[in-house]
There are 2 protein chains.
Amino acid sequence: MTSQSAPRTARDFARIELTRAILEAARRHLAEVGPGELSVRSIARDLGMASSAVYRYFPSRDHLITALLVQCYDESAALVEAADAAVRPDRLRQRWIAMTLALRAWALDNQHEYALLYGSPVPGYAAPQDTVGPATRVPQALLQLMADAEEAGTVLGAPTAPLSRKERAALAPISASVGRPISDERVLRSLTGWALLIGGLSLELFGHLNRGVLDYDLNFRCLVEQAADDFGL
Amino acid sequence: MTSQSAPRTARDFARIELTRAILEAARRHLAEVGPGELSVRSIARDLGMASSAVYRYFPSRDHLITALLVQCYDESAALVEAADAAVRPDRLRQRWIAMTLALRAWALDNQHEYALLYGSPVPGYAAPQDTVGPATRVPQALLQLMADAEEAGTVLGAPTAPLSRKERAALAPISASVGRPISDERVLRSLTGWALLIGGLSLELFGHLNRGVLDYDLNFRCLVEQAADDFGL
DNA sequence: CAGAAACGAGAGCACCGCTCTTGTTTCTGT
DNA sequence: ACAGAAACAAGAGCGGTGCTCTCGTTTCTG
């Protein structure tokens, strides 16, 4: 780890402070240039230090990106969770709408960050273990919504052919992560919802709707409303 | 344009041949390194020419990427269309399954190419007009399927609240592109289907299902089967 | 057959991630 | 208190990138 517990000495304090400053500058750059062109050198210039000094705090550009990844996952997930919590728990449909709109709002405000999280992986980059926790917060929130829907006894929209044993087995780790009983059909529904959400946002933000859809806000709203219908919310 | 009609002279011939060779080498590299690290220099090395010579044929790296973009859009769309055509036209559900499986198969075989098409845009890159035609072939195929479903008189799965006038207006360019009558609800369904398809593939290929889903093949199949149910196919 | 156009190759510019060395500052054990 | 160890900032440097410019050669065209 980079910082051990408390800043005992002045040096410790300076270290965590500079680490924060570097990350902050990186994030500031990310607002303008996109993940692929994030440059350690320009960040260092921005902070008035030699580029080699940055490597005292982040051993490589990838480590810096990992830190940004975690920060952005957490930031967006916090917004989604907050939007969820702001709605009465039994208003299931409204919660779904609120969560999806929250993620879209964040994505629109932080397009390069969205690309970092859900776009193509950065060049030679393989996400380390640190990111998986934060990365699962949003899909977990969707899962919890579905579990609530199951407890409330809502019926799924369209009739679905029952899943085979093998199909159920493939979803086992997810079902187990919910922490309470949930049918495999609902687990699958949350996956669908997640895929639809990310797909819709990616198509919009990566420019695939350019010629075609005129009103992006309205289009996204239609998408999630229709999904709510399908999910029986 | 790069080549005007016929290769009249030996030089013309050499030019289109070399252009093709460069593109081919670029594509070969793309199978291994990912769009962001495609390097003009390494492609030139691969062909045994000076990097500056490549710029006689593609004025910039972005132009080269554009050519790859078009090629990949066309290649994947051709597979999707072929899969569609291989099924009896009135087997709507089977056509949907075939098309989605075809795109997934291509994406799995060409992961970097998929990232190029549907991942985050390449750094400073803005897709020019040339790419929009090929890019719309897949969503167009989905739209045509939905139009066929409408003609066949299938009913949509879950009940949907009717779209508002503004919502219908936002979809107008797409409806018009179908070339025959289609309800706005079905247009919206194709958008949902497209978003779900791209979202599902992106989540899978960009590593978001790593811990969770055990069997990717099965999971994707479940996704599209369930979507077929929702779409009333 | 001369002039023009296209060509390939090389040097060079400014940038990148990253490493190594050097000299300085700060902490720590005795 | 002080010496040794550890952390630090800065600079030079390596090999890579996209791209430009120049220069000598080849090919086409009027």
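Values below: all heavy atoms of this structure, side chains included; hydrogens, waters and symmetry mates excluded. By convention in this document, chain letters (A, B, ...) are assigned in the order of the sequence lines, proteins followed by strands, and residues within each chain are numbered from 1.
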A:Phe13 versus A:Leu18: any side-chain heavy-atom pair under 4.5 Å?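 Sidechains of A:Leu18 and A:Phe13: no contact.
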
Rounded to whole Å, please give me the gap between [atom1] in [X] and [atom2] in [N].
X       : N      : atom1 : atom2 : result
B:Phe13 : D:dT26 : CZ    : C1'   : 18 Å
A:Arg15 : D:dA6  : CZ    : P     : 15 Å
A:Tyr57 : D:dA7  : OH    : C1'   : 9 Å
B:Met49 : D:dC19 : CE    : C1'   : 16 Å

With sugar-phosphate meaning primed atoms plus P, OP1 and OP2, does [X] contact a base, only sugar-phosphate, or nothing at under 4.0 Å between heavy atoms?
X       : value
A:Ile43 : nothing
A:Leu18 : sugar-phosphate
A:Ser52 : base
B:Leu47 : nothing

Pick the nucleotide of DNA chain D nearest each of B:Arg56 and B:Ser60; which residue has the one closer to the 5' end?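 Result of the comparison: B:Ser60.
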
Pairing partner (Watson-Crick or G-U wobble, both distances under 3.5 angstrom) of D:dG30: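 When the pairing criteria are applied, C:dC1 turns out to be the nucleotide that pairs with D:dG30.
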
Could you tell me from which nucleotide to which nucleotide of DNA chain C, 5' to 3', there is an atom under 4.0 Å from chain B heavy atoms?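 Contact boundaries, 5' end first: C:dA5 to C:dG12.
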
